[in-house]
Structure formats: structure tokens, C-alpha cells
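Working notes, beginning with the structure itself.
Just so we're on the same page: letters track the sequence lines, and every chain starts at 1. Note that this is a predicted model, so its numbers are computed, not measured.
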2 protein chains.
Amino acid sequence: MAVSGRQTGRPTLEEVAARAGVGRGTVSRVINGSPRVSDRAKEAVGQAIAELGYVPNRAARALAGARTDAVALVIPETEARLFAEPYFLDIIRGVSAELADADMQLLLTLIRSSKERQRFEQYLSAQRVDGVLLVSVHGDDPLPDLVQELGIPAVLNGRRSADEPVAYVDSDNVGAGRSAVAHLAGRGRRRIATITGPLDMYVARCRLDGYRQGIEAAELPLDDRLVAAADFTEEGGRRAMRQLLDRCPGLDGVFAASDVMAAGARSVLRDAGRRVPDDVALIGVDDSAVARLMDPGLTSVRQPIEEMGRRMARALLQHITGSGTEPRQVILPTDLVVRDST
Amino acid sequence: MAVSGRQTGRPTLEEVAARAGVGRGTVSRVINGSPRVSDRAKEAVGQAIAELGYVPNRAARALAGARTDAVALVIPETEARLFAEPYFLDIIRGVSAELADADMQLLLTLIRSSKERQRFEQYLSAQRVDGVLLVSVHGDDPLPDLVQELGIPAVLNGRRSADEPVAYVDSDNVGAGRSAVAHLAGRGRRRIATITGPLDMYVARCRLDGYRQGIEAAELPLDDRLVAAADFTEEGGRRAMRQLLDRCPGLDGVFAASDVMAAGARSVLRDAGRRVPDDVALIGVDDSAVARLMDPGLTSVRQPIEEMGRRMARALLQHITGSGTEPRQVILPTDLVVRDST
DNA sequence: GACCGCTGTGGGAGCGCTCCCATTCCGTTT
DNA sequence: AAACGGAATGGGAGCGCTCCCACAGCGGTC
């Protein structure tokens, strides 16, 4: 029932009111679901809205009321580079789905320079969004605190530290490390190394903790020479793998804290003549396209990324409306996707 | 009602005017860059704005004026699955950069169901955005036409057909196919096959045309048995590769219309005992992470994705303001990234 | 010296909503 | 029967802008 495009013809609240034979206030009440309306009025208004094809004007609503019906999803560029590629699209997918149900707009903001950062801060203080979703993992990012100070509801994806003050949704990174190692140990590996992410990121420290817990649970000796720090990049993974081979030629399993680093490690292993999985079993995190496409397919710890996006949005919406059944801290479980690399 | 929100302290135009000792109109003129303002007034207003930290209220502006300072980037879910993953982030990156410079908001809209599609159409007709950026490649997508009918400026990423009526930014897909084949031929390959995308997409047809042109340019015989249609997925690439090997065991080169399909093809080649590049040279399109991570590294035709995003945004902004130096049709060149698979 | 056309400027009139107060209209209570 | 209170309602008063009309100044012209 395509309405032909006229700019001026959009019906207003007033017109709906006239048609329904009620006052402006009543229509507003119906639209906003106020309980103080008779069924008769509700019905008349509903019909008038349908007949006129009325859609509320957001600008007017935002100006008159205190809300904007928009939420910002902020992605600092520095993070963007680090995440496995499908990550963002999945997060967006989840967020978008949840917001659409609430008829909220998703404003995407990439922050890549301090200039843009400043502009965004202006944005915030101008109250242009009802809430903020932050993809933030660096331990020293001050943005979440700023948002908090401005009194704007916020939810993070990932924590900055163990005692993150801002609401967040994260995955069980410790559990991810633990189950990866358990899997490797279950395959009979005894000298299991790990390639970590940058240790100023909480997510990387958690996965390392998980690794250690896994080693202990398998009653294997903890050995610092089996731990090499990297930075979530392929090249970093490569460097770390070389270090590990150097230090412990006898290793027979590697837990890389991301698929991309695992890919780097894999190429070094190949160059060194180690077969995967025969000589060295390899496992990553993310279950990204990279894992599926590697040869052999990379066993990986999957995170429920889209679900994280959904939960973030849900938590934020509740935070905004003040109805709070969703907990301020959400940690989602990971699961193991076994392929041929282990 | 826990929301404290509503910072009453935000300065308004009126306050700026009072402080600068001018009228409201003058301040508005300064902010909107009208030429009809004296330097003296301009300076006084500028100072008042700085002192007060004034930021215009968008809702008020949208309500009073006819613009919203927001642009929607629409991604139909069906497409989302097909594109190589980094694609979107790069598009977004380009779009975002360009919009930020114009102080425009980026509204991201994923359309996955007909319900959401309908909601989006309502959106549009409610004039909530100044323009629309559409990532649309399917030949039969009616959305661009709808947007056009509503009189809303729009720019597509990719065309639906040769005579696309809506403004678009695309990459030189024919050239991509041509140069891929030229490269293969230059490496001495004589039996070059191609794995196409779904042929109801113009992009896929273009790359196939390019392939054909390349074959002719290299003075090789055109042979339909060397053409296998797929769907831009890994599994599709696998199936097509099997077909090709079946039909033409003697092929020595494959141009896959996407990296992901190339990855599928590669695994089939491996299973068939064909070495890459020794027995069969393989080339893809996109220069995505997949290409870098494959073993051997996949030679690929790169598209300037971020640049496409930037150009789309630029074209749209000009379309909105009416200043039109940017052409309605933009086709960006691709370039070859040579790795070890050829 | 009265007239003209400029450029700058001030401020009224909305834009379409929400908020809230006043009003009406009930059913109850005393 | 009068008085009361709550539910439903109408509509005024803005929200902070842009648009636009009116008007003040200021040469320059006849």
C-alpha cells in the first residue's frame, strides 16, 4: 500500500485527533500507551491512525519530550583493527535486531581520531542519544567513564578490568581458555603452549588465566616458557610461535587467543615442518571465517557474538526505561567447535 | 523515573544571542554560514558560542527546518551473508569518515525480514533521513526505486543492471575479470576456467564478461565448459570446482569471482591432488583476509572498498545539498594483488 | 532634499509533539 | 440530597530552532 511521496502531506497528531473526534492529548496518550484512556477512545484513535497512515514525527517528539529514541553504537577504530572481521557485523546484527523491536534507531559512530572523539563527546553532551553501546576493550579507555559522568546509560561489550563499574556484556573468556586447554589435554597433549593477546586488555588476561587453570586442571606443569604474548594480529601470532618453538621445541599443542593469531602460528609451524595436528595440535578463539577456511580446519572456541549484541541492546533499553530485570553484568558462555587441527 | 537526563544547563540559541548582543536570527545566520552577516556580528557570535559551549539542538533544527542531518545506510540481510566479511566494515569506514566531516549522522539499518522492511519504508516516508545509502546488488531489489519515488536522495553501492537509474558507486568488475585472466594468461596458463557469482547479480555477470574479454584478449578459445556458476559462497565454490574438474580435467587456471569461492575451490583442488599454483593457478576477488590467510596466499583482485564508501557518501551529500560536481555514476578501478597462488 | 536600493538585523510565527493543569463526568460516600 | 474523589479528557504552554517579513541604516541618485 505504497503511499506516494509528498513531503507536505504527512498527517499530524492534530489531524488524527480531529478525525478520531478526540483531543490532541488523548491521541498522544494512546500512542504512548498511557493507561488513562477509555477503550472507546483508544479504538477511535487507532482507527484514525490506520486510516491516515500516521507516523509520529521524531524530531517533534524529541524536542518536546526528553528522549530521542536513538542509541549510539560506538566503535573506536583502534579496536576495529583488532577484532576478527565478522565480529562487528555480528554485534551489529544482534544490536540492530533488538533495537528494531523497540523501534529505536541505531546510530553508528566510528571514532578514529581525537577530533572525531571530541565531536562525539559534544554529541553526547548535547543529549542526542538515549544511550550508548561501547565496543571497548582497552583497559585505559576513558570513554565509558565520560559517558557515565554525563548520566547517559551505557553498556560495554567486554570489560576493562575485573571490577568494571559500567554495565557490560562479555563472554566467558576464562572459560574459553580453560576449555581449549582441556580439549587439547583430552587429545593427549602434554606440552601445551599459549599465544596471548595484548596483556593490557582484560580479555587477553582472562584467556591466559583460563589457560593456566586448564593446565592445572589437567595436572600438567605450568611453565612460563610456554606462554608468549602477542597482539591479536597474524604477524604477532607468527612471532610468538617462533619464540615458542625456539624455547620449547617439544611442544605438542598451542592455544592461540584468537583465530587470526592461530593462522599466523600455523604458517610458522608449516615452515618449521611441524604437521598440524599430528605434531602440534592448534586451537583458536572466535570461530571466524578464518578458522573454517584454514587447512586443516581450525578447532576454535566460539563466542556467541550476535547474542552479545542482542543482550547489550536489551540491557541498554532497560537501563533507559528504568525497568531493570536484565542484570548489569552479563557473561555469556562459549563453546568449542572441533575441526581437524586438534 | 531514575533517569535524571534532561540537563537543563544546555545553552540555547537565544542565550547565545543575548550574550553576543545580537538577535536570534543573526546567530542562526552565523551558524548556518549565511553570507548576510557583518564581520563584527560574526565574531561576537563566534565568541559567545565558544564561551557558552553552545551546540545546536538537532531535534529543534529538524523540526523547524526541513532536514534531519542524518543519512541511513541500509544493508539488506540477504546481501550481508554474501559479501566477504570485511566488506561492510570497510564501506562503513569510508561512509563514516565522509559523513563525519559533514557533521552528519549515520543511521545503520539492517533489513532482514519483510516486517523490518516495512518499518523502514515507514521511516522513509516519515522523512526521517535526508538521504539513503543502499548496499544493494540483487537485480530485482525494488527498494532503490521506492526510495527514488519518495523523492529521497539515494546512492547505491553496485548496480542492478547496466542502465541503473539510481545514482551509484561501483567498482570496475569487468576490468577485474579481464585483468585476472590477463594475469593468469601472462603466467602461461592456457585452460583458464571461471567460477562465477549468482548470475542474477549484475556484479557477477560483469566479472564473467571480464573473464570472457580476457580470454579473447589472450587469444584463447572461449569454452563454456570452463564456466561454472556458483553463488559467492565457499560451498558453492567447492561444487563449481568439482564440476570444472569433471568437465575439463586439463584446466590449469581458475578465476573465482570472490575470495571465498576461491577458498572453496582450493580445498577441492587439494583433495583432487592438484597443486596450487604448480598444477592450477588460482585467483580471487576482494583481497580479503581470506586471501591473505590461505595457503598458498591467494592472488586476488582488490576493490577499493573504503573508497567506495567515501565516494557514496560524498555523492549523496552533494545530491542532498544540490551542489553537484560528483558524477551520478562512479566506477572505481580495481588492482591486482599478487601472491603465491599464481 | 526626497527618493531609491542595498545590506544587516530583530523578532514573530510556527514546526509537531509532550507535559500538565483545568475541566467534565461519572459513581460513591455521608 | 449534597458533597466528594477519581478517571477521562481537552487544550494551553512551551521545547529550540528556521523561515521570513519588516525595518533600520547607509550611501548614492535624480
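For the pair A:E43 CD and D:dA8 C1', the interatomic distance rounds to 17 Å; values are reported in whole Å. To the nearest angstrom, C1' of C:dC25 lies 13 Å from CZ of A:R40. We find that CG of A:N57 is positioned 18 Å from P of C:dG14, with the value rounded to whole Å. Put simply, CG on B:D69 is 13 Å from P on D:dC17, counting in whole angstrom units. The interatomic distance linking A:R61 (CZ) with D:dC17 (P) rounds to 21 Å, in whole Å. As rounded to whole Å, 7 Å separates atom C1' of C:dG16 from atom OH of A:Y54. Note: CD (A:E14) to P (D:dG11) measures 9 Å, nearest angstrom. At whole-Å resolution of the value, CD in A:E15 and P in D:dG11 are 16 Å apart.
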> Stepwise, does the side-chain hydrogen bond (donor to acceptor under 3.5 Å, both in side chains) test hold for B:R112 with A:S96?
Replying inline: CA-CA 10 Å; B:R112 90 206 64 198; A:S96 161; 2.9 Å; yes
> Are B:V22 and B:V45 close enough, and set up right, to give a side-chain contact (heavy atoms from CB on, under 4.5 Å), and what steps lead you there?
Replying inline: CA-CA 8 Å; B:V22 299; B:V45 170; 3.9 Å; yes
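Against DNA chain C, the stretch residues 44-52 of chain B makes no heavy-atom approach under 4.0 Å. For the contact set between residues 23-38 of chain A and DNA chain C, defined by any heavy atom under 4.0 Å, the members are A:R24, A:S28, A:R29, A:N32.
Across all their heavy atoms, B:D130 and B:D69 have their closest contact at OD2-N, 2.7 Å.
Heavy atoms from other residues, nucleotides or ligands lying under 6.0 Å from CD of A:Q329 number more than 12. Open room surrounds CD on B:E43; 12 or fewer heavy atoms of other groups in view lie less than 6.0 Å from it. The 12-atom threshold is not exceeded at CD of B:Q47, counting heavy atoms of other residues, nucleotides or ligands nearer than 6.0 Å.
Test B:V155, B:V129, B:V166, B:L134 against B:V147 for side-chain contact (heavy atoms from CB on, under 4.5 Å) and you get one pass: B:L134.
Nucleotides of DNA chain C nearest to B:A64 and B:D39 differ in position, and the one nearer the 5' end is that of B:D39.
Listed for the B:R328 side chain is a donor-acceptor partner under 3.5 Å among the backbone atoms of B:P165.
Taking the ring axis of B:Y202 as reference, the NZ or CZ atom of B:R160 does not stay both within 45° of it and closer than 6.0 Å to the ring centre.
Backbone-only contact: A:A41 has heavy atoms under 4.0 Å from sugar-phosphate atoms and none from a base.
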